Trainee: 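One structure follows; several queries about it will come next.
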Amino acid sequence: MTKIAILGIAHMHGYSYARALKGMNDIEIAGLYDEDRSRMNRACEDLGIKPCEHPEELVAGSDGVIVTSENSTHRKFVEIAAGAGKHVLCEKPIATTVEDAEAMIEVCRRNNVKLQMAFPVRYSASVRKAREIVSGGLLGEVVSLVGTNHGRMPGGWFIDPVLGGGGAVMDHTVHVVDIVRWLLNCEFTQVYATYGTMIHDIPVEDCGLEMFKLSTGQYMTLDCSWSRPKAHPYWGDVTLHIVGTEGTLFLDVFNSKIEVYSNEKGGRWDNYGDNLDSLMIEEFLKVLREGKEPFTDGNDGLQSLKAVTAAYKSFREGKVVEI
């Protein structure tokens, strides 16, 4: 029986990961710790897992740790896990500062602990097929890319500048940066960004547009806005339009959907096919049980965060910034 500890349940993905674990054989959720006791107790009641008062004790009795706390608190929970010698899966973004991200990677290295990043989009069959097409040369030489990661404004701690570390730019840049780094085997080298609070009355940005230069020579734009209204039938999207000298490819990761209508809930879209969160959790269990290297590791989280922090600096200074 493999025992998993969950530290923090602030991020809604924590519920998805817990449900994925509960549907797997030979897995036990050892318990949940959250500094917000009411949030912890509510989640434990909803998910049918045990609340715990002390994170160190919970981690000590577990085989692996999943961190789904607020962005700015990832570091302290990863340090607790690493200090106990436990491999850890950390929600994205890895942290809110490059300093924290580098410290997390170092403490895991020092304690011989593997740090996996929660980038489930990379597990998509469509993303893997896109990489096969690009690496196989079917598009010729890639010339440019246009990406989106739209979503609803999540509210709560996500719009707290300290806990979230920013708004839509922090929340919705990292997924697309990660899949592009993997698709093209490249790094992001420059960025010019603009953003603003244009839709909602919140203290952080809800709209952002970034232009990146890649180490492989291409330019890429990314719309990372919280621009989906509450009435939209789905939370958002992750898309990528790749233009090559021999062809183009349009990747729409969450477009495998059916339209559902009901008198009670109106219209909505339901996804079918692979559950990306479950695939990622299965990968984490292989890290624990087989000692394999994570498919998405701490460095992937760090490089994505560097692109984000450079985008914020670009906006503040009004110029292109090196990443």
Side-chain angles (χ1 to χ4, degrees), residues 9-24 43 46-47 68 91-93 118-131 133 145-159 164 167-180 182-183 198-200 202 205-210 220-242 248-283 296:
I9 196 68
H11 203 293
M12 66 280 289
H13 288 170
Y15 280 79
S16 178
Y17 304 157
R19 292 189 176 107
L21 288 166
K22 290 177 74 67
M24 296 175 180
D46 290 344
L47 295 167
T68 50
E91 184 54 57
K92 65 82 188 168
F119 283 140
V121 178
R122 207 198 280 192
Y123 293 80
S124 164
S126 58
V127 172
R128 292 172 185 255
K129 184 62 176 180
R131 188 172 193 262
I133 291 171
L145 305 94
V146 176
T148 70
N149 188 182
H150 301 123
R152 299 185 184 119
M153 192 277 291
W157 64 266
F158 283 92
I159 62 173
V169 173
M170 178 66 75
D171 190 37
H172 273 186
T173 298
V174 293
H175 281 306
V176 182
V177 169
D178 179 68
I179 61 174
V180 170
W182 188 62
L183 287 173
M198 304 175 67
I199 303 173
H200 308 279
I202 55 176
E205 78 283 352
D206 55 23
C207 291
L209 186 63
E210 302 152 313
M220 178 184 121
T221 61
L222 174 60
D223 179 349
C224 56
S225 302
W226 287 335
S227 53
R228 291 290 184 263
K230 289 183 179 179
H232 195 267
Y234 196 60
W235 65 267
D237 64 39
V238 174
T239 72
L240 193 61
H241 188 186
I242 306 175
T248 65
L249 182 152
F250 182 68
L251 174 65
D252 191 348
V253 176
F254 296 101
N255 198 34
S256 298
K257 62 181 184 293
I258 56 175
E259 297 182 10
V260 180
Y261 299 93
S262 73
N263 291 331
E264 293 76 19
K265 297 183 179 180
R268 70 180 192 274
W269 295 341
D270 280 358
N271 272 116
Y272 60 85
D274 291 333
N275 183 316
L276 304 187
D277 288 346
S278 292
L279 292 175
M280 185 183 68
I281 294 297
E282 289 172 4
E283 174 81 5
T296 51

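Because the structure is predicted, anything quoted here is derived from the model rather than measured.
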Trainee: Determine the minimum heavy-atom distance between Lys22 and Leu47, stating which atoms define it.
Mentor: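 Where Lys22 meets Leu47 most closely, the heavy atoms are CE-O, 3.0 Å.
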Trainee: When you look at Met170 and Phe158, which way does the side chain to side chain contact (heavy atoms under 4.5 Å, CB included) test go after all the steps?
Mentor: CA-CA 9 Å; Met170 178 66 75; Phe158 283 92; over 6 Å; no
Trainee: Provide the closest heavy-atom pair for Met12 versus Pro154 in the form atom of the first, atom of the second, distance.
Mentor: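 Heavy atoms only, the tightest pair is CE-CB, 4.3 Å.
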Trainee: Using the salt bridge (charged side-chain N to carboxylate O under 4.0 Å, His left out) definition, which of the options Asp223, Asp237, Asp206 pairs with Arg228?
Mentor: Asp237
Trainee: Using atom types as modelled and distance alone, determine if a side-chain donor or acceptor of Trp157 lies under 3.5 Å from a backbone N or O of Ala10.
Mentor: yes
Trainee: If you draw a 6.0 Å radius around CE in Met198, do more than 12 non-hydrogen atoms from other residues or ligands fall strictly inside?
Mentor: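 No, the 6.0 Å shell around CE holds no more than 12 heavy atoms from other groups.
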Trainee: What's the separation between atom CH2 in Trp235 and atom CZ in Arg152, rounded to the nearest 0.5 Å?
Mentor: 10.0 Å
Trainee: Side-chain contact test, heavy atoms from C-beta onward, threshold under 4.5 Å: evaluate it for Trp182 versus Thr296 and give yes or no.
Mentor: no
Trainee: How far does CG of Asp270 sit from OG of Ser256, to the nearest 0.5 angstrom?
Mentor: 12.5 Å
Trainee: Quick one: do Ile179 and Phe119 satisfy side chain to side chain contact (heavy atoms under 4.5 Å, CB included)? Show the steps, please.
Mentor: CA-CA 9 Å; Ile179 61 174; Phe119 283 140; over 6 Å; no
Trainee: To the closest 0.5 Å, what do you measure between CG (Leu276) and OG (Ser126)?
Mentor: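 One gets 8.0 Å once the value is rounded to the nearest 0.5 Å.
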Trainee: For the residue pair Tyr17 and Ala118, what are the closest heavy atoms and their distance?
Mentor: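 Scanning both residues, the minimum pair turns out to be OH-CB, 3.6 Å.
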Trainee: To check you understand the geometry: which heavy-atom pair defines the closest contact between Gly155 and Met153, and what is its length?
Mentor: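 Shortest heavy-atom separation between Gly155 and Met153 comes out as N-SD, 3.1 Å.
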Trainee: Would you call the rings of Tyr234 and Phe254 parallel, tilted or perpendicular if under 30° counts as parallel and over 60° as perpendicular?
Mentor: tilted
Trainee: Using the side-chain contact (heavy atoms from CB on, under 4.5 Å) definition, which of the options Ile242, Thr221, Leu222 pairs with Leu145?
Mentor: Ile242
Trainee: Are His175 and Pro120 packed together at the side-chain level, in the sense that at least one heavy-atom pair is separated by less than 4.5 angstrom?
Mentor: yes
Trainee: Flag the pair Lys129 / Ile133 as yes when at least one side-chain heavy-atom distance between them is below 4.5 Å, and no otherwise.
Mentor: yes
Trainee: Quick one: which of Asp178, Val177, Val176 gives a side-chain contact (heavy atoms from CB on, under 4.5 Å) with Val180?
Mentor: Val176
Trainee: Taking the side chain as C-beta and beyond, is there a heavy-atom pair between Trp226 and Ile159 under 4.5 Å?
Mentor: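 Contact flag for Trp226/Ile159 side chains = yes.
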Trainee: Quick one: does Lys92's side chain have a donor or acceptor within less than 3.5 Å of a partner on Asp171's backbone?
Mentor: yes
Trainee: Check whether any side-chain N or O of Glu91 sits under 3.5 Å from a backbone N or O of Gly14 as a donor-acceptor pair, and report yes or no.
Mentor: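 No.
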Trainee: NE2/His172 to CD/Glu210 distance, rounded to the nearest 0.5 angstrom?
Mentor: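 The CD atom of Glu210 is 12.0 Å from NE2 of His172, to the nearest 0.5 Å.
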Trainee: Check Lys265 against Arg268 and note the closest heavy-atom contact, atom names and distance.
Mentor: CD-NH1, 4.4 Å
Trainee: Any non-hydrogen side-chain atom of Leu183 less than 4.5 Å from a side-chain atom of Leu240?
Mentor: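 With C-beta onward as the side chain, the pair touches.
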Trainee: Taking only residues two or more places apart in sequence, or in another chain, which ones meet Ser227 in a side chain to side chain contact (heavy atoms under 4.5 Å, CB included)?
Mentor: His150, Ile199, Ser225
Trainee: Can you check whether Val238's main-chain N or O pairs, donor with acceptor, with Asn149's side chain at less than 3.5 Å?
Mentor: no
Trainee: Indicate yes or no for a side-chain donor-acceptor contact from Asn275 to the backbone of Asp277 under 3.5 Å, with no hydrogens or angles considered.
Mentor: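 The answer is yes, because a donor-acceptor pair under 3.5 Å joins these two groups.
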Trainee: Any idea which heavy atoms bring Cys207 and Ala168 closest together, and the distance?
Mentor: N-CB, 4.4 Å
Trainee: Determine, stepwise, if the pair Asp274 / Tyr123 fulfils side chain to side chain contact (heavy atoms under 4.5 Å, CB included).
Mentor: CA-CA 9 Å; Asp274 291 333; Tyr123 293 80; over 6 Å; no
